[in-house]
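Please read all numbers here as calculations on a predicted model, not as lab measurements. The chains referred to below are lettered A, B, ... by the order of the sequence lines, with proteins before strands, and numbering in each begins at 1.
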Number of protein chains: 2
Amino acid sequence: MKIISIPVRESWEELFRRPTPEIEEIEDQIKPIFRAVMSSGDEAVQKYTSRFDGVLVDSLLCSPQEFKDAEKALDPELKKAIQNAMGNIKRFHSAQKTTRVEVETAPGVLCWQEKRPIEKVGLYIPGGTAPLFSTILMLAVPAQIAGCREIIMCTPPNKEGKVHPAILYAASLCGVDRIYKVGGVQAVAAMTFGTETIPRVYKIFGPGNQYVTVAKQLATQYGVAIDMPAGPSEVMVVADDSAKPSFVAADLLSQAEHGADSQVVLVTTSQTFLESVREEINMQLAELPRKDLAQKALSNSKLILAESISDALDMINFYGPEHLILSCEDAEVLSEKVINAGSVFLGNFTPESAGDYASGTNHTLPTNGYARQYSGVNLDSFMKSITFQRISEKGIQQIGPTVAIMAEAEGLQAHKNAVTLRLQALLSK
Amino acid sequence: MKIISIPVRESWEELFRRPTPEIEEIEDQIKPIFRAVMSSGDEAVQKYTSRFDGVLVDSLLCSPQEFKDAEKALDPELKKAIQNAMGNIKRFHSAQKTTRVEVETAPGVLCWQEKRPIEKVGLYIPGGTAPLFSTILMLAVPAQIAGCREIIMCTPPNKEGKVHPAILYAASLCGVDRIYKVGGVQAVAAMTFGTETIPRVYKIFGPGNQYVTVAKQLATQYGVAIDMPAGPSEVMVVADDSAKPSFVAADLLSQAEHGADSQVVLVTTSQTFLESVREEINMQLAELPRKDLAQKALSNSKLILAESISDALDMINFYGPEHLILSCEDAEVLSEKVINAGSVFLGNFTPESAGDYASGTNHTLPTNGYARQYSGVNLDSFMKSITFQRISEKGIQQIGPTVAIMAEAEGLQAHKNAVTLRLQALLSK
């Protein structure tokens, strides 16, 4: 890990630069898959599943029997844990419900704003080395609370054409019973265009490798929305002497084990603390099963000595970390000044992994500096707000002249007419 | 206008199809401009302004003197109208403020969600035949309420290198004092990459022609967010015999005058009403200064006879109109069942143009069916939500085991360690 001591501001751009993904190159590989799924539907989906996942599945849709088998196969302790996590996630996301906002902006002019669920959403759950069932909770629970009518899920089958029981169990617990065995670019394309079996959705959620990420980006050109653009996962820890080096080291490592491209940054005002964390990391690293991945991530990572907590705060807002851990005395005060971050963890007993799984907050968060302009997934991600208005006869007399003058000045006579016709009708009444 | 009588559901897909924009072709013309602005900054911006707007401006930034001159030049009546509209927009968007959502999801596990302003936003205001100063109110007012730190604006200069006084006045009234004289693709590129003069922003808002629209879409590949994808403006009017044909005709025409590609749809349950609207349209059309544009739009537009109000409702949600006017007896009841629409206008005295200018609702709305998954611009468009959590010693003992079991099952040992280390520290206390 690189140690950087009191970096001058001019160096921050370089210091906090993230690796740039090569979108164009990947896009060229993705477009033919999109075109094939658009024109050949299921047939293309099956072809690419066979090519990339090395398996031919009889039926793309998981059967009720597969759900039953999963329920039986899963360790009861794990089931209980999933239920606990789901309860907390449900509590936090239910609290995010909003009510109608209603204002009489002028006498007789009543305006209101209401939210409506997005009717059709698609959740993507990656395969890979481990079954990421926790992400199902993070997406399906708020989708249910929002009232989305159609919630479907795509996840790649393993070599035996099966889906991990933990995935089936978590989905079923959240009321998602339509899981399609398809992954990667072909899954994103299928949810974008629809096939004979897989329905088209209005918004696609969920993480994935860089192919899935670029595919989601491409999908937006075909009228589908996505949760957010994505990049490698990252954590920034800001700590002072009140923090525990072993805890902080464990938090940094839990981010590093995600993958070789994970970003791990420590900012501290204490030189001795920094040294202790470095030692702890080396000790804990040796024990990790995924230590090779973690080591690669650490080689790009930074331990930064900051001149003051105020400088550290500026670094936070400059970098805009996906995860931010504030292990310092006045974490609460500092947190109020955080503008750019996805999810913030305060104090010594709040590891990021709590939020990754079970505290109730969402773990689908903006990476790659996108915390500057994107929210993490929350209840509103599954809804949209609509405005309504009802203007009375008195109301149109109030604001009509304003509308007429402005429309005239913008050269839009028919806009003016729509008001003046009504005003005249009221005059002649 | 085409009249369609009680269309069967199988025909709806075709009936409500919108023209597909040709993104790829336009993108090829846009990319060189992006590359030039990325590498040459102001120089490229000036070059393209000279090429496309036919003018060389001395300074890209509008001067304080230009603002003062605009204030003097503008008709006092128009100034007053702009102030009135701003007041209503401010009232409605201020009411959209939300407070912290806080939940103790489990004993000792405190989670909360707060919103923060997007620090840097860029507003794009098109030039063209008329100065669209109303859009400034719709974007700058909520940006101010949200607390965005840096609000800049780009708008193309006219042939004399000037910006229309109504634009300068409206911007200044909203506290926007940094207006750059640059339009089109080069404006979007400048706000995406930043130049010597024009700062890079985190999110770009505002309407534009199809080049600007595709440029905004392209900008998202370079880490910038946009308000929403855009297409031609559209209105759907659902009316029964309680509506006034002349009012409805005026509303349809006010949409049609926007441009040849505007979408105008009437759905009614009354054959006689439909005929009356058609006659009214022909009468009112003859008087319009923009009648050529309107006539072209009308030639693609539809008057649909629906079997029932319930069928009409299904058509609304199928089409997902940007603007929806409900001129029918039970508009209120019907409005509660609307799921896909941008902004809804209820009753006989609520023309769309009221919302376009002065009622207080926003007029930057999802077109092209995007109302299925996007909100119109609102206060939240200028903010993002961040989650926070603080877990006590008791809290981590509560949820720690759940986290450990789930992390283990996902094969993420370091995630588990971050919790178990803390649990052990508490045990040995």
Which one, [options], leads in non-hydrogen pairs under 4.5 Å with chain A?
options	value
B:Val109, B:Asp251, B:Leu285, B:Thr220	B:Asp251
B:Gly411, B:Ser359, B:Pro366, B:Ala354	B:Ser359
B:Leu132, B:Leu252, B:Leu365, B:Leu423	B:Leu132
B:Asp75, B:Leu78, B:Asn317	B:Leu78
B:Pro117, B:Ala409, B:Ala358	B:Ala409
B:Gly360, B:Gly376, B:Ala341, B:Gly347	B:Ala341

Nearest non-hydrogen partners of [X] and [Y], listed with the distance:
X	Y	answer
A:Val224	B:Gln373	CA-NE2, 3.9 Å
B:Lys115	B:Ser385	CG-CB, 3.9 Å
B:His363	B:Gly355	CB-O, 3.8 Å

- Item | Student check: side-chain heavy atoms of B:Lys203 and B:Lys120 closer than 4.5 Å | no

| message | Is the shortest side-chain heavy-atom distance between B:Phe133 and B:His164 below 4.5 Å? | response | no

Proximal component of [X], with respect to chain B [non-hydrogen, under 4.5 Å]:
X	value
A:Asn378	side chain
A:Leu426	side chain
A:Leu288	side chain
A:Ala371	backbone
A:Asn348	backbone

Please state whether the side chain, the backbone, both or neither of [X] comes within less than 4.5 Å of a heavy atom of chain A.
X	value
B:Tyr370	side chain
B:His258	side chain
B:Gln217	side chain
B:Leu137	side chain
B:Ser392	backbone
B:Ala166	neither
B:Arg116	side chain

When rounded to the nearest 0.5 Å, the distance separating CG of B:Leu412 from CG of A:Asp356 is 8.5 Å

Output for pair (A:Asn362 CG, A:Gln96 CD), nearest 0.5 Å, gives 8.0 Å

Go through [options] and name the one with the most non-hydrogen pairs under 4.5 angstrom from chain B.
options	value
A:Val121, A:Val338, A:Leu253, A:Asn417	A:Val338
A:Glu352, A:Met406, A:Lys80, A:Arg91	A:Met406
A:Ala250, A:Ser134, A:Ser375, A:Ala404	A:Ser375
A:Gly223, A:Ala106, A:Ala331	A:Gly223
A:Gly342, A:Gly108, A:Ser246	A:Gly342
A:Ile89, A:Asp380, A:Asn340, A:Leu110	A:Asn340

(Q) Around atom CD of B:Glu287, are there more than 12 heavy atoms from other residues, nucleotides or ligands closer than 6.0 Å? (A) no

Q: Take atom CD of A:Gln83 as the centre, draw a 6.0 Å sphere, and report whether it contains more than 12 heavy atoms from other residues, nucleotides or ligands.
A: yes

(Q) Under 4.0 Å between a side-chain nitrogen and a carboxylate oxygen: does that hold for A:Arg390 and B:Glu332? (A) yes

query: Is there a donor-acceptor contact under 3.5 Å linking the side chains of A:Gln389 and B:Thr350?
result: no

| query | Going by atom types alone, do A:Thr387 and B:Ser343 pair a side-chain donor with an acceptor below 3.5 Å? | reply | yes

Counting only pairs under 3.5 Å, give me each side-chain donor-acceptor contact of residues 393-402 of chain B, with atom names and distances, residues two or more places apart or in other chains.
residue  : atom : partner  : partner atom : Å
B:Glu393 : OE1  : B:Lys429 : NZ           : 3.1
B:Glu393 : OE2  : B:Lys429 : NZ           : 2.7
B:Thr402 : OG1  : A:Asn84  : ND2          : 3.2

Exercise for review: Measure from the ring center of B:Phe388 to the ring center of A:Phe345 and say whether it is less than 6.0 Å.
Suggested key: no

